[in-house]
Amino acid sequence: MVNIIWAALILTGIVWAGFGGHAELATTTIFNQATKGLSAGLELIAITAVWFGLSRIAEKAGLLTGLARLMTPLLRPLFPTIPRGHSSLGSIAMNLTANLLGLADAATPFGLKAMHQLQELNTRRDTVTPAMITFLAMNSACTTLLPATAIALRATAGATEPSSIILPAALASGIATVAVLVADRFLRRRVFWCK
Amino acid sequence: MLAAVSAWMLPGLIGLTLLIAVVRGINVYEEFVTGAADGARLAVQVMPYVIGIYIATGLFRESGFLSGLTHVFAPFLRPFGLPAEVLPLIFIRPFSLAAAIGVVSDLLKTYGPDSFIGLLAAVMLGSSETTFYVLTLYLGAVGIRRSLYAVPLCLLGDIVGYLASLWLTTLFWGMGGFLSVPTFWLPSSRLGHRPSV
């Protein structure tokens, strides 16, 4: 799909510039943008280095596990189909906490682990379970407190206050999370005939 | 007040993390360097993707197609206050984080990080997820083929996230300043005085 979008952007650009009578504009744009992309990529190295370094400290200090332990009881009512004491809820908590802190790279391994543990509870191996859907939906609504990448991009672009987007971004993902949870509850009753 | 909370959140969190780590006897500098090396390696891998997306969005914009598109869609998008410049971001965000980073960084450079478009793009990037990537990765990892309503539900999350981003960006930095009401919330009789976007 990215392939199609990428090709479509370029092709419409070339065709439009050509019909507008300045095909040479396409040539200069391609090489100018490549140079700009390179400098943006170089800035990105600094950003990710800083962020990965800090998140490794946070992980080593046990911040992730501590917060995840606090999160678990809050998650319980959202996953009524997971039996009490099952390990999957812990992995879900770790994944969502990592997302909350903007540690996307740390979140993925826990997410995969959570999926494997949820699959153990699955009686029809090729079909999703209600708990999996709730987990995926919360994950894609991306509940985050720290949009680290967006802040870093703003910082390198010279924003007066790079972190000013924290509050609106956190609120927006909070609204999206509530929306998917409500929709999920509604759909779950109709598709799985359960609470 | 709200600005102060936002401004203090990141330094506060970094400071707190560092303090806890030091108290717990972690070799903070060494761990930072190890993590930073991983991060730098990842960024180098991502670089070609960023260059690729810069070329695509640049051509799309410089050819004049984007402004044409903006003209055509303006009557439909204006009631929502959505600038057409962020459309490429909306389309590419669910598929690729590297591409979305490229689009946002390009928007910030072109329109300025403190412009409405720049702010909106950053909020949208910060409050959305690479939905299709996550879905294929997580469902594929356990061999699930029947996903029932998982895909539409996750897409709903994206759409609500974008609308909420738009609303909150308007609320925080919109035409009327803080707490201005986005035009689509107004009864139609008041739409006569809507600000031009």
Side-chain angles (χ1 to χ4, degrees), chain A residues 1-2 5-6 9-10 12-13 16-17 20 29-30 33-34 36-38 40-41 44-45 48-49 52-53 56-58 60-61 111-112 115 119 126-128 133 136-137 139-142 147 150 153-154 157 159-160 163-169 171-173 175-176 179-180 183-184 187 191, chain B residues 2 6-7 9-10 17 20-21 24 26 28 31-32 35-36 38-40 42-43 47 50-51 54-56 58-60 62-63 65 91-92 95-96 104-105 108 113-114 122-123 125-129 131 134 138 141-142 144-150 153-154 156-157 160-161 164-165 168 172:
Chain A
M1 194 58 195
V2 192
I5 297 177
W6 190 73
L9 287 173
I10 291 186
T12 42
W16 199 257
T29 308
I30 287 173
Q33 285 294 112
K36 281 189 199 165
L38 176 70
L44 213 60
I45 297 180
T48 46
F52 274 58
R56 192 177 163 95
I57 295 177
K60 290 279 161 185
L112 290 171
M115 287 303 286
Q119 182 73 338
D126 67 330
T127 310
V128 278
I133 294 184
L136 288 171
N139 207 303
S140 84
C142 182
L153 285 174
R154 277 172 56 70
T160 45
S163 58
S164 59
I165 56 147
I166 289 182
L167 210 56
L171 287 173
S173 60
I175 292 173
V180 291
D184 178 40
L187 288 164
V191 177
Chain B
L2 289 177
S6 275
M9 227 163 134
L10 197 55
T17 307
I20 295 174
R24 294 196 175 166
I26 310 246
V28 282
E31 295 298 349
F32 177 84
D38 285 344
L42 184 84
M47 184 128 75
V50 173
I51 294 177
Y54 257 66
I55 293 174
L59 267 177
F60 194 67
E62 297 300 324
S63 68
F65 191 84
F91 289 128
I92 215 142
F95 300 100
S96 161
V104 172
S105 134
L108 293 182
D114 294 314
V123 174
L125 178 71
S127 62
S128 54
E129 178 56 86
T131 303
V134 168
Y138 284 8
V142 289
I144 280 171
R145 279 175 290 110
R146 292 190 61 218
S147 64
L148 301 178
Y149 57 90
L153 185 65
C154 291
L156 173 83
V160 173
S165 300
L168 288 158
F172 276 64

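Residue numbering restarts at 1 for every chain, and letters A, B, ... go by the order of the sequence lines. The basis for the numbers below is simple: all heavy atoms, side chains too, and nothing from hydrogens, waters or symmetry mates.
Among A/L44, A/L171, A/L136, the residue with the largest count of heavy-atom pairs under 4.5 Å with chain B is A/L136. Counting heavy-atom pairs closer than 4.5 Å to chain B, the top residue among A/G13, A/A49, A/G41 is A/A49. Your options are A/A179, A/A183, A/A141, A/G111, and the one with the most heavy-atom pairs under 4.5 Å with chain B is A/G111. Most heavy-atom pairs under 4.5 Å with chain A, from the set B/A40, B/A164, B/S127: that is B/S127. Comparing B/R24, B/E62, B/M47, B/R146 by heavy-atom pairs within less than 4.5 Å of chain A, the highest count is held by B/R146. Annotation: maximal heavy-atom pairing with chain B below 4.5 Å, among A/S140, A/A157, A/P147, occurs at A/S140. For chain A, the option among B/L125, B/T17, B/V134, B/L156 with the highest count of heavy-atom pairs below 4.5 Å is B/T17. Counting heavy-atom pairs under 4.5 Å between each of B/V123, B/V104, B/V142 and chain A puts B/V142 at the top. Per-residue counts of heavy-atom pairs under 4.5 Å with chain A were compared for B/T131, B/I92, B/I51; the largest is that of B/I51. Note on B/I26, B/I144, B/L108: by heavy-atom pairs under 4.5 Å with chain A, the leading option is B/I144.
Under a 3.5 Å cut-off, the side chain of A/Q33 and the backbone N or O of B/Y54 do form a donor-acceptor pair. A donor-acceptor contact shorter than 3.5 Å is absent between the side chain of B/S63 and the backbone of A/A17. Side chain of B/R145 to main chain of A/D126: no donor-acceptor pair is present (N/O by atom type, distance under 3.5 Å, no hydrogens or angles). Between the side chain of B/D38 and the backbone N or O of A/F52 there is no donor-acceptor pair closer than 3.5 Å.
Considering all non-hydrogen atoms of both residues, A/A176 and B/V160 come closest at CA-CG1, 3.8 Å. Between B/A43 and A/T48, the closest heavy-atom pair is CB-OG1, 3.1 Å.
Heavy atoms closer than 4.5 Å to chain A are found in both the backbone and the side chain of B/L153. Residue A/S173 touches chain B through both its backbone and its side chain, counting heavy-atom pairs closer than 4.5 Å. When heavy atoms are compared at a cutoff of 4.5 Å, B/S165 approaches chain A by way of both its backbone and its side chain.
Ring pair B/F65/A/W16 is perpendicular by interplanar angle, where above 60° counts as perpendicular and below 30° as parallel.
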Item checked: Full working for side-chain contact (heavy atoms from CB on, under 4.5 Å) between A/I133 and A/V191 -> CA-CA 12 Å; A/I133 294 184; A/V191 177; over 6 Å; no

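Using a 4.5 Å cut-off on side-chain heavy atoms (C-beta onward), B/C154 and B/E129 make no contact.
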